[in-house]
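Note sheet for the following structure.
Throughout, a chain's letter reflects where its sequence line sits, starting with A, and its residues are numbered from 1. Computed over heavy atoms, backbone and side chain alike; hydrogens, waters and symmetry mates excluded. The structure displayed is predicted, hence computed values, not measured ones.
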Amino acid sequence: MKAISVEEAVAKIPAGASIMVGGFMGVGTPERLLDEVVRQHKTGLALISNDAAIPGKGIGKLFDAGLVSSLTASHIGLNPKAQQQMLANQIAVDLIPQGTLVERIRAGGCGLGGVLTPTGVGTTVAEGKRQIEIDGKAFLLETALRAQFALVHAFLADYLGNLSYALTARNFNPVIAMAADTVIVTAEHIVPVGVIAPDHVVTPAPLVDYLIANE
Amino acid sequence: MKAISVEEAVAKIPAGASIMVGGFMGVGTPERLLDEVVRQHKTGLALISNDAAIPGKGIGKLFDAGLVSSLTASHIGLNPKAQQQMLANQIAVDLIPQGTLVERIRAGGCGLGGVLTPTGVGTTVAEGKRQIEIDGKAFLLETALRAQFALVHAFLADYLGNLSYALTARNFNPVIAMAADTVIVTAEHIVPVGVIAPDHVVTPAPLVDYLIANE
Amino acid sequence: MDAQEIIGRRVARELRTGHLVNLGIGIPTLVANYVPSDIKVFFQSENGLIGTGPIPEQGLAHPLLTDAGGRPISALPGASTFDSAMSFGLIRGGHVDVTVLGGLQVDAEGRLANWMIPGKMVPGMGGAMDLVSGAKRVIVAMQHAARGKSKIVRKCTLPLTSSRTIDLVVTDIAVIGFPDGKATLMETAPGLTVAEVMAVTEAELVIPDTVPEMTI
Amino acid sequence: MDAQEIIGRRVARELRTGHLVNLGIGIPTLVANYVPSDIKVFFQSENGLIGTGPIPEQGLAHPLLTDAGGRPISALPGASTFDSAMSFGLIRGGHVDVTVLGGLQVDAEGRLANWMIPGKMVPGMGGAMDLVSGAKRVIVAMQHAARGKSKIVRKCTLPLTSSRTIDLVVTDIAVIGFPDGKATLMETAPGLTVAEVMAVTEAELVIPDTVPEMTI
């Protein structure tokens, strides 16, 4: 793990990169990283996140700035800008069930090729997917999902990179921290090693590549 | 969740039941439950656990008492009694890779039909299993695993049934707590509600059916 | 009592102590207000919380403690938080005893459509498909009709949420169950006759010998 | 220096600061003793710990803190604990930078057999198959020969651990890599000639122009 500035960290993300961003309706999102992504105007991003948040907040900022070329998410119902961009074919949107989304990312992070889920069987979600029967019950084969970058927001990060999360800001963060080639983290508090007890570490240090240093 | 005596709890387990038991080489195993299983002489158990521990300790006690009819585990190398019983065809043993074992149990607990894993492709583990290619890479289809009972050992349990675990005694415990019809828990300490902070609960209360009360 | 309160009160009567319950947005959210004080249930918020409490007092809201819509909530003593993989493991794994969801259409066999109106904006299914596929019991809480049209239909014309059928529909005028896979009138709202309910219901309803009034 | 120390010291030189490393039982365990003090690695114990420390002093062992064999260990500052699903998610997901495992046979193409001798007791594969399938880099640490027979074989006759080939074998007499999928002699143990290594190796070895001595 390396502590670097937010400018340096975002400079590592090329235009057109695939990025997973933590957060659920803007809660638990690495805002400082997104602000810098906007400032450095990283265009054509392939974004994977639970939702599109709302304009001005969290992932919503990326839509405000027109930086997203594709979105994989479970819903965008509360972001009219993301909806407009979808309808105008400015972004390709793949909407998938939330449980399927997180399980596909987990599979990507855990070296699984995919999982079999009952969710979506017999619905439009099943279109184009392999359906597999086990003991007479039908499941969809949902494949693993990974990205080049994961932008993670933690509550505590220690000097080694161990992370813990607070309340409902955990959501997708620990899952995406396993599913990307490069993991960049912002934390509400950076603390000495040992402040987070071993049993309370949620994301172990070796998963973290870059921690955004305090200014 | 109901707090009951260890005698009452074990009385609910019929002979021949399928049971998952937490613990890794006897660490994090609900010893009081196993002692009572032995005392009530529950025979013909279909046991699912990481290993067979050692004679006299943890799951080893079930082999000492000759109560196991089948075992699904990742290794039994350190329990000569379990090995003898396997060689004498007293127990049917299904040895599977540890990561596959835990992922199959997790699938059972999370409503997945199974997972695709690269582990075991091209080895004897692949025999009789469906092999599925994704983007040219081969995976084995490993199906979900569940049991009638999960015997779980926690470090802290609160009055509602929220659980946390200590150090390496966590292992399979939180995973099996999701994958059985009935979940019975022993804890090192039973504490008031609120002693375990929300962010430190590993197994949420609604998953627990019975907590073994202090004597 | 308005339509939403009737629905909320009646659904609340389906909950039992110890149940893990997930409430969808809209009318289902109201159910929490009507749980009798002697019934202790766990409410799950699928963004990662069991033990949701009421909206916090002015000035006590925490920005990292919200419901699935991003609105501030509180957590009751004994609450637990977890990541989204665990949250949907709970949902898909059958650990949620009851989910209460809104509906666009429920058909005569108990199939639900609640996430998409073709030709309109598709906001996405969020967690609805997982909830209907995975919860032990699925209750739909909705107005019986929308713009004069019955939402209890012969066959769903909107895209389905799941191939799994639901267990109960509670509307402002009726409670409908699906024993033997057929929509069956279980209760009528106070003051309404069976004939009145049938008259505003598109789907054919099985009518048992006695159809009691809702207790709410 | 005995055979095991040669192997342990040489393998330790493959580790880099920041690496997440999983050591198998037997010779691989010794590697931890020889990591240079300026190299800071994380050791994982697959029963659910990153940051394993040395065996605790007499009287300080905790019964709930053990290695994968159930023996007391300690945890270094900055350690983390987790369940078995996470532990093998780390392993299978490619998050373990280096795994060091014992071997029964390694063949000329880099395939490993290390878990089963047919006709003998089968204790089970434990985590070996996941480690070989999933770790970023697989190093086998073993004696070059057992009872006078080379363990570097033309083709594995014992059941394979994985179809994925390994990256490096370190024995008491040689370091063998697999560039282009062919067993290649990278280094010889101090005092041994290339011819001496070839003479006790069943597999055909590619011999580069220069084969340095191991630095240990």
Side-chain angles (χ1 to χ4, degrees), chain A residues 22-28 50-54 57-58 73-80 82-84 86-87 93-103 105-106 109-110 117-126 138 153 155 165-176 188 202-203, chain C residues 25 45-52 62-75 79-94 111-116 118 120-134 156 158-165:
Chain A
F24 196 114
M25 282 306 298
V27 177
N50 177 61
D51 51 65
I54 54 176
K57 190 178 182 194
S74 76
H75 74 88
I76 60 170
L78 298 167
N79 189 330
Q83 295 178 24
Q84 285 157 17
M86 182 178 93
L87 293 175
V93 177
D94 188 10
L95 292 170
I96 57 187
Q98 201 167 116
T100 298
L101 177 62
V102 71
E103 206 59 48
I105 298 171
R106 181 183 178 276
C110 292
T117 177
T119 304
V121 169
T123 75
T124 57
V125 166
H153 186 62
F155 189 63
Y165 304 89
L167 300 164
T168 56
R170 192 183 308 197
N171 55 68
F172 277 66
N173 282 298
V175 187
I176 66 171
E188 309 247 334
V202 175
T203 298
Chain C
I25 53 169
S45 187
E46 68 261 33
N47 52 329
L49 175 66
I50 287 176
T52 64
H62 193 284
L64 303 183
L65 183 56
T66 65
D67 67 15
R71 288 170 296 265
I73 49 168
S74 59
S80 53
T81 56
F82 33 80
D83 68 24
S84 296
M86 177 66 172
S87 196
F88 281 85
L90 290 166
I91 288 168
R92 247 190 289 85
R111 278 180 297 254
L112 170 68
N114 81 339
W115 71 281
M116 183 188 179
K120 291 213 180 179
M121 187 48 222
V122 183
M125 66 294 284
M129 287 192 171
D130 295 291
L131 281 160
V132 177
S133 300
C156 287
L158 298 173
L160 294 180
T161 304
S162 176
S163 56
R164 180 249 175 104
T165 55

Over all heavy atoms of both residues, which pair between A:G122 and C:S163 is shortest? Give the atoms and the distance, please.
CA-CB, 4.2 Å
Non-hydrogen atoms of chain C under 4.5 Å away: do they reach the side chain of A:T100, the backbone, both or neither?
both
How many angstroms lie between CG in A:L95 and CE in C:M125, if you round to the nearest 0.5 Å?
6.0 Å
What donor-acceptor contacts under 3.5 angstrom involve side-chain atoms of residues 79-88 of chain C, with partners at least two apart or in another chain?
residue	atom	partner	partner atom	Å
C:T81	OG1	B:P198	O	3.3
C:T81	OG1	B:D199	OD1	2.5
C:D83	OD1	C:A85	N	3.0
C:D83	OD1	C:M86	N	2.8
C:S87	OG	C:Q44	NE2	3.2
C:S87	OG	C:E46	O	2.8

Looking at every heavy atom in both C:D130 and A:P97, which two are closest together, and how far apart are they?
OD2-CB, 3.6 Å
Would you say A:Q98 and C:M129 make side-chain contact, with heavy atoms under 4.5 Å?
no
Given that the side chain runs from C-beta out, which part of C:A113 has a heavy atom under 4.5 Å from chain A: side chain, backbone, both or neither?
neither
Let me know if C:I91 has heavy atoms under 4.5 Å from chain A in its side chain, its backbone, both or neither.
neither
Contact origin within A:I96 toward chain C - heavy atom pairs under 4.5 Å
backbone
With a 4.5 angstrom heavy-atom cut-off, could you sort out which part of A:V121 is near chain C: side chain, backbone, both or neither?
both
Can any side-chain N or O of A:T168 pair as donor or acceptor with the backbone N or O of C:G48 at less than 3.5 Å?
no
At a 4.5 Å cut-off on heavy atoms, which part of C:S45 comes close to chain A: side chain, backbone, both, or neither?
neither
Please determine, among A:F172, A:Y165, A:F155, A:F24, the option with the most heavy-atom pairs under 4.5 Å with chain C.
A:F24
Kindly indicate whether the side chain of C:R164, heavy atoms from C-beta on, has any atom under 4.5 Å from the side chain of A:P118.
no
Let me confirm one number: the CE-CZ distance from A:M25 to C:R71, rounded to the nearest 0.5 Å.
8.0 Å
Reported CD1-to-CG distance for the pair C:I73 and A:L167, which is rounded to 0.5 angstrom:
9.0 Å
Would you say C:N47 and A:R170 make side-chain contact, with heavy atoms under 4.5 Å?
no
Which atoms of C:S133 approach chain A - backbone, side chain, both or neither, heavy atom under 4.5 Å:
side chain
